2 protein chains.
Amino acid sequence: MPVAERRQALLDAATTVIARDGVRAASTRAIVREAGMSLASFHYAFESHTELMRHVVERVLVDEVHSVTEVLAGAAELTEGPVTLPELLGAALDGFVAAVEADPAREQAILELHQYALREPELADLVRAEYAAYDEAAAGVLTAAAAATGTRWTRSVEELARYVVTLTDGLTTSWLSFRDPERISAAREYAVAGILQFSEPDPDA
Amino acid sequence: MPVAERRQALLDAATTVIARDGVRAASTRAIVREAGMSLASFHYAFESHTELMRHVVERVLVDEVHSVTEVLAGAAELTEGPVTLPELLGAALDGFVAAVEADPAREQAILELHQYALREPELADLVRAEYAAYDEAAAGVLTAAAAATGTRWTRSVEELARYVVTLTDGLTTSWLSFRDPERISAAREYAVAGILQFSEPDPDA
DNA sequence: GTTACAGTGGGGCACATGTCCCAGACGAGC
DNA sequence: GCTCGTCTGGGACATGTGCCCCACTGTAAC
């Protein structure tokens, strides 16, 4: 078993344990047990538990950015025939919420890893980079949606995107506490309405 | 030293340790070291570390609800002379954000305790009760602000309140990651604008 | 002064954790 | 077949953890 593959297997196992039992429970032994390896194999693939955790944080956050970007892009490409701006934005937010609802354990793990990373000086930047990527993804959706519906934004797209990301963050934590779709849907509607305020027909379109 | 006082001191110490070093570091020994006691004193006041944590979660979350309610009520009572709805709502949100900015460690501790509580079946209800209290506080501010400015809401105040709470949650996590006032202020402005959509002059006022 | 007892400190138990070491297994090259 | 170097398993170490016990203090009652 090549080292690279073993590292991947250990990262997978660590992610599984964290999602199921929390960061607190992700001890070296729990991870190797999950991966079906011995402790020696662990320290053959990784310098230390700390290094493993660093890679876990990095991989999970990067993966999450990818999947979110994918979900948003998928919703934005759903433009079969004429679509309105609120429909597009609503679909994008629905896609995001559906992804969170589909795998709450993963989302909870991500939040725990955020906290973990924010406590480690050398990992804190990963969280900020993650949010920057979210901002970019949201900005992409906003501009694409406006372009597809002959509208334009009256405010900076970057600012609007940050607002959207802030809101999705709130939606995520709300879902993890209540698991209540109704509690989410109202906020979702208001969010869309809030953003629409800053759009207008594009005279150039 | 009476038992009740000792328990309070230990709760204080635990809160301090958690805010400074995280929940992960809040071991029994770390807490008694912070409180300047011996291990025996700890187990004289508390049945177990688990029981202590249960009380910590309860107290911190209840305290947070109180202080948030206080901040919001304070902002709402700032009605010297004629004030507009957006001013009132903006002031309330500013008060909230200022409280978060003033003590980020405490806010981070609260988020960690949320995660901790959500992992413990018997503590999860505390988080939900906390959010329910936030909802109520936000609803109170919304109705008070509307009444003070001769306006009324066109949507259910409960739903609007939940939206506000969701948003403040996002603002909090955003602040903890970036500590960037500008990043917050834009979202704050959009939030106010978003809510204002659902207000109208009250003909009965 | 003696007794009784709530309260406290130090030490110790059993267990879990991160890390390391060393004996052995495995397979490739000759 | 043999050797050599990579890889792996089990065991062990030091440390940290939650919890407990026993000896001791101080104080209050008589």
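In what follows, chains are A, B, ... by sequence order, proteins preceding strands, each numbered from 1. Predicted model only: the values in this text are computed from it and were never measured.
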Annotated protein contacts, base or backbone, on nucleotides 13-25 of chain C with a non-hydrogen cut-off under 4.0 Å, one of B, S, - each: ----BBB------
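For A:Ser41 and D:dC7, the shortest distance from a side-chain N or O to OP1 or OP2 is not below 4.0 Å.
The pair B:Arg128-B:Asp135 does not count as a salt bridge, with every side-chain nitrogen at least 4.0 angstrom from each carboxylate oxygen. Here A:Glu112 does not pair with B:Arg24 in a salt bridge; the nearest charged N to carboxylate O distance is not below 4.0 Å. Using a cut-off of 4.0 Å between Lys/Arg side-chain N and Asp/Glu carboxylate O, B:Arg54 and B:Glu120 are scored as not salt-bridged.
The aromatic rings of A:Tyr131 and A:His114 are tilted relative to each other, their planes meeting at an angle between 30° and 60°. Between A:Tyr190 and B:Phe198, the ring planes are tilted. Angles from 30° to 60° get that label.
Nucleotide D:dG18 holds its C1' atom 14 Å from the CE atom of B:Met53, rounded to whole Å. Atom C1' of nucleotide D:dC7 and atom CD of A:Glu5 are separated by 14 Å, given to the nearest angstrom. When the C1' atom of D:dT25 is taken as reference, atom CE of B:Met37 falls 18 Å away, rounded to whole Å.
Few gaps surround CD on B:Glu200; more than 12 heavy atoms of other groups in view lie less than 6.0 Å from it.
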